[in-house]
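In what follows, every chain begins at residue 1, and chains take the letters A, B, ... in the order their sequences are listed.
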Amino acid sequence: MASEEALQRFYTVLAAVPAGKVITYGQLAAQAGNPKGGRWAGYLLRHLPANSNLPWHRVVNAQGKVSFPEGSEAALRQIALLEDEGIEFSNSNRINLKRFGAV
DNA sequence: CGCTTGACTAACC
DNA sequence: CGGTTAGCCAAGC
């Protein structure tokens, strides 16, 4: 089914994101075959298998920011992982997608 | 089958 | 730049 193929592409693309780079939900969904599946990407990431080695932390929204409320443990964890990979954050926890964008 | 919800995005004001 | 509206996708009830 196309859905399963899209899902496979989604995981493939996500796994293909190099360390030190980030990708937006929209781009991720677009490369997975759903140019308008931004929400779909978010849904999948949210229901991601716990024992997967997928770099979910390299996925940020179009604003170059974490899609979690600032201060939340999930957001802090993601930011910490990204910084550990060399990603730099601006004064507002924003990432320069022009520099760190995987696309 | 139809409405609501959600880790989204772009356009508009 | 912040708040609102509309569009899209898939899952849950």
Starting the side chain at C-beta, find the nucleotide from [options] nearest to [X].
{"X": "A/Gln78", "options": "B/dA7, B/dT9, C/dC8", "value": "B/dA7"}
{"X": "A/Arg39", "options": "B/dG6, B/dA7, B/dT9", "value": "B/dG6"}
{"X": "A/Asn61", "options": "B/dT9, C/dC9, B/dA7", "value": "B/dT9"}

Between A/Leu44 and A/Leu14, is there a side-chain heavy-atom distance shorter than 4.5 Å?
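SC-SC contact between A/Leu14 and A/Leu44 ruled out.
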Taking side chain as C-beta onward, heavy atoms only, is A/Leu45 less than 4.5 Å from A/Leu48?
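Contact flag for A/Leu45/A/Leu48 side chains = yes.
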Rounded to whole Å, please give me the gap between [atom1] in [X] and [atom2] in [N].
{"X": "A/Arg77", "N": "B/dA7", "atom1": "CZ", "atom2": "C1'", "value": "13 Å"}
{"X": "A/Gln63", "N": "B/dA7", "atom1": "CD", "atom2": "P", "value": "15 Å"}
{"X": "A/His47", "N": "B/dT5", "atom1": "NE2", "atom2": "C1'", "value": "10 Å"}
{"X": "A/Gln27", "N": "C/dC8", "atom1": "CD", "atom2": "P", "value": "20 Å"}
{"X": "A/Phe10", "N": "B/dA7", "atom1": "CZ", "atom2": "P", "value": "14 Å"}
{"X": "A/Leu7", "N": "C/dA11", "atom1": "CG", "atom2": "P", "value": "9 Å"}
{"X": "A/Asn93", "N": "B/dA7", "atom1": "CG", "atom2": "P", "value": "19 Å"}
{"X": "A/Tyr25", "N": "C/dC8", "atom1": "OH", "atom2": "P", "value": "22 Å"}

Considering only atom P, compute the distance from C/dG7 to B/dA7 and round it to an integer number of Å.
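The same atom, P, in both gives a distance of 22 Å.
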B/dC8, OP1 or OP2 - any side-chain N/O from A/Ser67 closer than 4.0 Å?
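Yes, A/Ser67 has a side-chain N/O under 4.0 Å of OP1/OP2 on B/dC8.
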Atom NZ in A/Lys98, atom CD1 in A/Ile95: separation rounded to 0.5 Å?
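Answer rounded to 0.5 Å: 15.0 Å.
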Please evaluate the base of B/dG6 for a donor-acceptor partner in the side chain of A/Arg46 within a cut-off of under 3.5 Å?
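Looking at the base of B/dG6, it does not pair with any donor or acceptor on the side chain of A/Arg46 (distance under 3.5 Å).
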Is there a donor N/O on one and an acceptor N/O on the other, under 3.5 Å, for the side chain of A/Tyr43 and the base of C/dA11?
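Between C/dA11 and A/Tyr43, which were checked side chain against base, a qualifying N/O pair under 3.5 Å is absent.
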Give a yes or no on whether the backbone of A/Asn96 and the side-chain of A/Glu88 come within a donor-acceptor separation of less than 3.5 Å.
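Here the side-chain-to-backbone pair does not exist.
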Have a look at [X] and say if it touches a base, only the backbone sugar-phosphate, or nothing, with a 4.0 Å heavy-atom cut-off.
{"X": "A/Gly38", "value": "sugar-phosphate"}
{"X": "A/Asn34", "value": "nothing"}
{"X": "A/Ala62", "value": "sugar-phosphate"}

Considering all heavy atoms of both residues, which atom of A/Thr24 and which atom of A/Asn61 are nearest to each other, and what is their separation?
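Nearest heavy atoms, A/Thr24 then A/Asn61: CG2-O, 3.7 Å.
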Can you work out whether A/Trp40 or A/Arg94 has the more 5'-proximal nearest nucleotide on DNA chain C?
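The answer here is A/Arg94.
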